[in-house]
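A short worksheet on the structure shown next.
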Amino acid sequence: MGILETVKSPQDVRRLDAGELPRLAAEIRDLLVSSVAKTGGHLGPNLGVVELTIALHRVFESPRDPILFDTGHQAYVHKMLTGRAGDFGTLRQEGGLSGYPSQAESEHDVIENSHASTALSYADGLAKAITLRGETGRTVVAVIGDGALTGGMAWEALNNIAGRKDLPLIIVVNDNGRSYSPTIGGLASHLSSLRMTQKYEDALEFVKENLAKVPVVGAPFYDALHGVKKGIKDILAPQVMFEDLGLKYVGPIDGHDQEAVEAALRKARAFGGPVIVHVLTHKGHGYSPAENHDEDCFHGPGPFDPITGEERPKPHSWTNVFSEEIVRLGAQRRDIVAITAAMLYPVGLAEFAEAYPDRIYDVGIAEQHALTSAAGLALGGLRPVVALYATFLNRAFDQLLMDVALHRLPVVVTLDRSGVTGDDGASHNGMWDLSILQVIPGLSIAAPRDARRLRELLGEAVAIDDGPSVVRYPKGAVAGDIEAVGKLGTMDVLRSGEPDVLLVAAGSMAEICLDAAALLDAQGISATVVDPRWVKPLDEALIPAAAEHKLVVVVEDNGRVGGVGDAVARMLRDADVDVPVRTYGIPQRFLDHAKRPKILAEIGLTGQDLAREITETVARRSPALEDDPAGQV
Ligand SMILES: Cc1ncc(C[n+]2csc(CCOP(=O)(O)OP(=O)(O)O)c2C)c(N)n1
Ligand SMILES: CC(=O)[C@@H](O)[C@H](O)COP(=O)(O)O
Ligand SMILES: [Mg+2]
């Protein structure tokens, strides 16, 4: 029997002899590779934290000592060591293990939000609560990556923590030098200074040797370090940086040296106040296809061949279409510049960066900065395109509202992964943008239904000179082109029918609306399907069209509250058009993880479900149909 099979709780990890730990680490890596090869998931980040996570559960006593993982994508090892190794075959599958910490799964899982740079704020609050409640002996541990440290919230938290000597809080900086791509910015250069000089090994060895001998943290250690090894002062720039903030610092520690990591964590715990333990790791450590994967060290691969590391081929995606079109537009307009928030490849800007290396900006995981920096770029006469995942725009709402829209600046925001994303669980679904963006004056929103419309609408967006615009599209394979059969104002008519039901299809929902219309036909209910293309502002041609119909149905891959459907209802109400409006979309709740198609089916966003719903609604509102058995579905 392997060692990992005997680990049912952190107590079992603490009971192991130090000599057994290398084998435990090897078994964990084997399970990570074999399991994620089947399900897909965050392989690279988790391979990099095996020794660190083992050490965390040997030094601290979760859940009494809560261990928080920033972003949470690197918590697979934590899950294995807290009794869930046997369930790893269900990772990211419906009803199976979440790819992030999950309170429902374990008392050892504390925070579930996968939006980066939040762990230090949670930890600050938790540590204050423990202190105020007099719960002595407990320590809060926050694990944050170097990428997440480029997010502003992390520095807001550090600013608060630095002022408190009494907080029982340990911050473990898991520094692998990368987000997806190499981490950017001044902070990263501080942190990476360790790696750049040939004396980096000396620094690791020196700290390891001296960790046992001198007061580990605070001025004495700092003086000892600098007094004895003047020559490596520049190597320890991170310490200077954190110490200048008034934070105690332990490190740098080789994050794959089990003994060194454990010793550093024990020393930091003994200190009692807030301490930063700076751990140097390698993303993908121990699995060469990940270590050598130059794009992102297998940050989040789909299923792959565990022997070769070769991923299954991916279909042409919405992201691919955006990537091609932004390069084409960049050739036409030299004022177009692009911004990514540490996701150059995932949002499809790698090709733009290669074509126009001086017109791409990677701001780190800093969406708020991205939007206001884009405002600056626009004020400077350029045409910025900020490419994000839809869910992460939430973080930059005020910047889009007050720094961009208030000044009517021509900033384009593209939102990939809009709508149901699925695999990454509740905090990754792009289900809020069509709602929260409704309130921004002067902002235009486009929702393309297929590749051709994405290219067209992106071109229209960059041509808008008097205000910001958003172009949003979903995860995964792009739909085949759906040609219009007519126009209704600026809207595309995709199917003409008798004035029974007017189906307004927002973006990628066009396909299922056409399916529903065909099924309704068979029920003797005629539906006209229109695609607004621009869902904000809505085309007023919708008003007379709606007035002719018995029912207006709006379908959107967004939360049902406050989105396009509510905007249509409000427009018709304001125009005194008394026609019922029904909105179909994502229920306003946090969705559990599963594949996108599965979730869409579960929440009724299929042609079949829409047809049934509409038939029932029409029947309720048109008694005549009740006598006609054909009217029932
Ligand atoms: C606010 C926000 N923006 C973007 C992301 C997407 N994202 C997930 S993990 C990641 C990189 C994290 O880098 P780091 O913190 O260094 O962790 P590592 O993967 O290196 O372990 C990013 C950008 C996110 N989760 N949250
Ligand atoms: C953790 C995180 O936010 C991302 O890595 C996320 O997993 C992206 O997923 P996709 O790129 O597969 O949509
Ligand atoms: Mg990192």
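All ligand and atom numbering here is 1-based and tracks the order in the structure. Just so you know, residue 1 is the first one in the sequence shown, and it goes up from there.
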Exercise. What about F392 and H428, are their ring centers closer than 6.0 Å?
Worked result: yes

Between R178 atom O and D146 atom OD1, the angle centred on the Mg ion (ligand 3) rounds (to 10°) to 110°

Protein contact of [atom] - nearest heavy atom, named by residue and atom, plus distance:
atom	result
atom 23 (C) of ligand 1	I365 CD1, 3.5 Å
atom 1 (C) of ligand 2	Y100 OH, 3.0 Å
atom 7 (N) of ligand 1	Y180 CE1, 3.8 Å
atom 2 (C) of ligand 2	H428 NE2, 3.2 Å
atom 8 (C) of ligand 1	T71 CG2, 3.9 Å
atom 5 (O) of ligand 2	Y180 OH, 2.6 Å
atom 14 (P) of ligand 1	G147 N, 3.5 Å
atom 13 (O) of ligand 1	S179 CA, 3.3 Å
atom 11 (O) of ligand 2	Y389 OH, 2.7 Å
atom 15 (O) of ligand 1	A148 N, 2.8 Å
atom 12 (O) of ligand 2	K475 NZ, 3.4 Å
atom 26 (N) of ligand 1	A116 N, 2.9 Å
atom 13 (O) of ligand 2	R417 NE, 2.9 Å
atom 9 (O) of ligand 2	D424 OD2, 3.2 Å
atom 25 (N) of ligand 1	S114 O, 2.8 Å

One should read off an interatomic distance between M343 CE and S181 OG, to the nearest 0.5 angstrom, of 9.5 Å

Exercise for review: Output yes when a side-chain donor or acceptor of T372 lies under 3.5 Å from a complementary backbone atom of H369, and no otherwise.
Suggested key: no

Only one of L68, V261, V143 passes side-chain contact (heavy atoms from CB on, under 4.5 Å) with V172, and that residue is V143

With L4 as partner, the option from V13, L24, D30 fulfilling side-chain contact (heavy atoms from CB on, under 4.5 Å) is L24

Contact region, Y345 to ligand 2, non-hydrogen atoms below 4.0 Å, reads neither

**Prompt:** Do the rings of H108 and H78 sit parallel, tilted or perpendicular, given the 30° and 60° boundaries?
**Reply:** perpendicular

Sorted by chain and residue number, the side chain to side chain contact (heavy atoms under 4.5 Å, CB included) partners of S508 (sequence neighbours excluded) come out as W318, P474, D557, R596

For P45, the ligand 1 atoms with a heavy-atom partner under 4.0 Å come out as 19 (O), 21 (O)

If we number the atoms of ligand 1 from 1 as shown, the ones under 4.0 Å from a heavy atom of D146 are 16 (O)

Nearest heavy-atom contact between Q103 and E112 is N-OE2, 2.6 Å

Check your understanding: Is there any N or O on T183 that sits under 3.5 Å from an N or O of ligand 1?
Key -> no

Minimum non-hydrogen distance to [atom], winning option of [options]:
atom	options	value
atom 2 (C) of ligand 1	Y100, F392, Y389	F392
atom 1 (C) of ligand 1	M343, R395, H299	R395
atom 3 (N) of ligand 1	E367, K283, M153	E367

Any side-chain heavy-atom pair from Y122 and N113 closer than 4.5 angstrom?
yes

**Q.** Student check: side-chain heavy atoms of E105 and R84 closer than 4.5 Å
**A.** yes

Report whether any nitrogen, oxygen or sulfur of D175 sits less than 2.8 Å from the Mg ion (ligand 3) (N, O or S, backbone or side chain).
no

Notebook entry, point to check: Would one find more than 12 heavy atoms of other residues, nucleotides or ligands at under 6.0 Å from atom CD of E295?
Noted result: yes

Within the 4.0 Å heavy-atom cut-off, what N174 brings close to ligand 1 is side chain

Under a heavy-atom criterion of less than 4.0 Å, does Q74 contact ligand 1? no

